[in-house]
Amino acid sequence: MVQSAGFFDEGQLVGVLTTQPLDRLLDYRAPEGGCHLGAFVEVPLGPRKVLGVVWAPGRGDYDLSKIRAVIRVLDAAPMREELRAFLTRAADYTLTRMPAMLRLATRAPGLGDPPSMRKIYRLGHRAPDRMTDARARVLEVLRDYGGLAFTLKELAELAGVTSSVIKGLVKQQALIEEDSPRDLPFPRLDPDRPGKALTDDQATAADALRIGLRSERYGTTLLKGVTGSGKTEVYLEAVAETLRMGRQALVLLPEIALTAEFLTRVEARFGARPAEWHSGATMTERRRIWRMVGQGEAQLVVGARSALFLPFQSLGLIIVDEEHDTSYKQEEGVLYNARDMAVLRAAICGARVVLASATPSLESWANAQAGKYDKLELTARFGDAVLPDMRAIDMRQEALQTGRWISPTLQRAVAVRMERGEQALLFINRRGYAPVTLCRACGHQVGCENCDARMVEHRFLKRLMCHQCGETVPIPTTCPSCGAEDRLAPVGPGVERLTEEAVALFPEARVATLSSDMFGSARALKAEIEAIGKGGADIIIGTQLVAKGHNFPLLTLVGVIDADLGLQGSDLRAAERTFQLMRQVAGRAGRAEKPGQALLQTYQPEHPVIRAILGGDEEAFWRAEAAERQAAGVPPYGRMAGIILSGPDVGAVFDLGNALARADGPLRQIGAQVFGPAPAPIARIRGRHRVRLLVKAAKGAPLQDALARWTAQIQIKGDLRLSVDIDPQSFF
Ligand code: ADP
Ligand code: ZN
């Protein structure tokens with residue numbers, strides 16, 4: 001019998017990649033009915049059943065009599081060659097083992113369960129006759145998720161109640177129980193509904209993107225435009241074109257908080273909501289998206305970085321919004337940068353990429369300069385909105401009491417906004433109440449037991465917290481070092497302390513604090529952001545979180561409490577980060593008709609980065625920064641990898657580091673240099689000592705290959721760990 005290429009008849013040997021940490025494919029026999037190359041299968045492994053993908057023909061180098069059969073082929077579209085190639089290349093690039101890559105691509109439970117009906121629960125129309133805490137929690141979860149329905153198990157877990165509580169509510173008709181087919185397709189989006197009338201600039205950019213899409217060939221475009229210039233409007237036109245072509249689109253967003261407003265815009269444009277992939281999505285929803293994406297029944301996915309690993313059937317466009325955002329870099333497990341991986345996947349499947357940002361990463365800027373990426377620019381804000389006027393407040397000239405951080409100049413500017421009924425934002429990139437707790441008797445700074453990090457006071461929680469490991473302790477009254485009573489004092493400001501100061505200075509004002517750790521759930525945070533956007537606060541105090549994409553139409557003043565903060569690090573991207581963050585934050589002001597102002601408190605107004613931020617000559621900043629990196633041979637003009645070694649015994653970790661450093665032959669062969677071992681910037685996390693080596697190579701050097709050969713020379717024993725971070729973003 002002639003079978004199509006890539007099909008295995010019953011009994012033929014197939015090589016299966018499983019999600020288990022093994023270094024090779026395992027041979028099995030194709031099951032009854034055969035299976036396709038790429039099929040998702042369940043296979044026996046020892047006493048267990050595990051998930052896998054038919055990756056290649058079997059090798060047949062194992063005792064044939066012991067080879068077992070595939071248990072079953074899952075009811076899911078086989079993994080396409082494009083995705084298999086992408087996972088392989090991404091694994092090579094990030095030096096990750098294939099099973100870990102496969103886990104990234106199968107992050108949804110019950111992937112292979114057959115379609116069936118199941119019971120779901122949604123909010124009913126009656127109040128229960130008697131309210132208990134548990135019942136209230138169930139109702140709150142349902143309200144929080146705005147009309148979504150859940151399975152019994154999900155709802156019980158989310159609300160932290162037993163299933164009998166839910167059944168009880170059903171009896172009282174406070175909840176409705178329904179049968180629902182699993183995995184409904186997503187409603188069709190209509191690309192031909194009228195979009196907004198674009199300005200000339202916007203229309204030109206949208207046309208260029210459409211032409212690129214029609215070529216059906218890979219290409220990346222950097223879409224640069226000041227905040228509010230309409231980048232989103234423009235790339236939604238590219239999404240529309242992709243849908244018209246019958247292909248799928250993916251929009252990556254850096255922060256879940258961004259999606260509420262964004263989804264509303266998508267719905268307004270296309271008449272229905274897209275699939276939403278993020279950590280807050282329920283298990284049922286993740287499974288549904290995974291399957292529907294694979295069947296082409298989800299045209300548009302809006303999601304966090306891991307959406308990149310979904311099994312798209314015909315991916316035509318990937319948008320990476322706020323492409324410079326550091327949260328695109330996954331810092332745990334598989335260390336990858338979603339922006340770079342988006343480009344890789346698109347190159348493999350012939351899709352287009354749009355990198356959108358007001359302040360692109362130097363990497364993308366350099367790629368556009370070099371002609372590797374196309375570049376489109378939107379220069380003006382939409383409508384009457386103008387960019388905020390930006391000024392420095394020279395803190396050396398301000399009379400500031402100790403324990404105060406809002407300068408008199410900034411205070412006056414806020415007061416003016418309050419009189420006009422406008423909003424002001426005070427930005428400080430520090431969570432908690434105070435970054436340091438100091439003993440006034442002995443000078444000791446309270447640190448974490450497990451980490452080389454200071455404990456940060458969180459007054460709302462009444463605890464000290466370690467931002468590295470999450471450990472918390474009650475705020476002590478005696479010094480852990482000298483034992484002095486009541487001599488511990490908070491030093492320096494965090495959002496909570498700034499809130500206290502703002503309340504004291506403006507007792508009449510409604511003050512809202514936005515910090516990622518102050519909201520129990522992403523949904524609660526979303527709700528708060530929406531309320532603020534509608535005028536629910538006069539003064540907003542926020543961390544980094546507020547710098548990202550939110551629209552606050554009434555906001556006309558941004559005060560940056562410490563513009564110098566980011567400039568102190570040893571990170572090679574310190575200047576770039578400060579520049580981006582300050583411009584993003586300032587971009588929050590004056591998004592509507594009212595002009596905005598941004599005031600930056602600084603002790604070094606003559607610093608080149610501060611001057612570049614204020615001067616607004618972005619190209620000059622990028623050119624200067626690029627020249628410095630080029631001279632130093634660092635990314636994007638050279639290649640780097642960070643090697644972090646860790647273990648409970650500091651001596652053993654250093655011994656390993658030294659052994660690696662000595663065995664640098666494979667690195668020298670490609671002209672690469674190794675620096676270290678040295679204590680990592682955070683030298684201890686969760687009780688593990690951390691030592692870092694940095695490898696630098698020239699731009700074209702085959703770094704991954706050399707790294708693989710280099711690290712393979714040394715056996716890593718016991719509880720020591722080695723992790724390789726290609727293109728490290730943060731240097732911890
Ligand atoms: P960016 O993504 O560059 O920050 P947006 O696309 O969010 O900019 O646009 C900023 C605001 O201006 C949004 O409220 C958007 O709806 C509005 N806007 C932009 N372009 C137009 C247009 N051509 N017609 C109507 N409104 C527009
Ligand atoms: Zn800690």
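Start at 1 and go down the list; that is how both ligands and their atoms are numbered. Here, residue 1 is the first one in the sequence, and each next residue gets the next number.
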>> Salt bridge or not between E241 and R214? Use side-chain N to carboxylate O under 4.0 Å.
In response: yes
>> Quick test of your reading of the model: are D340 and R345 salt-bridged, counting only N-O distances below 4.0 Å?
In response: no
> Does ligand 1 have any atom that is closer than 4.0 Å to a heavy atom of S229?
Replying inline: yes
Closer than 4.0 Å to some heavy atom of [X] - which atoms of ligand 1 meet that?
{"X": "V226", "answer": "3 (O)"}
{"X": "G230", "answer": "1 (P), 3 (O), 5 (P), 6 (O), 8 (O), 9 (O), 19 (C)"}
{"X": "L198", "answer": "23 (N)"}

> Should the pair R188 and F270 be classed as cation-pi, given the thresholds of under 6.0 Å to the six-membered ring centre and 45° from the axis?
Replying inline: no
> Do R107 and W290 meet the cation-pi criteria used here (NZ or CZ under 6.0 Å from the six-membered ring centre, within 45° of the axis)?
Replying inline: no
> Judging by distance only, is a nitrogen or oxygen of A197 under 3.5 angstrom from one on ligand 1?
Replying inline: yes
> For atom 6 (O) of ligand 1, which candidate among R265, E322, K224 provides the closest heavy atom?
Replying inline: R265
>> Just to be sure I read this right, does ligand 1 sit under 4.0 Å from the backbone of K196, its side chain, both, or neither, counting only heavy atoms?
In response: side chain
>> Between E323 and S364, is there a side-chain donor-acceptor contact under 3.5 Å, judged purely by atom types and distance?
In response: yes
> For the residue pair F86 and F312, is the inter-centroid distance of their aromatic rings smaller than 6.0 Å?
Replying inline: no
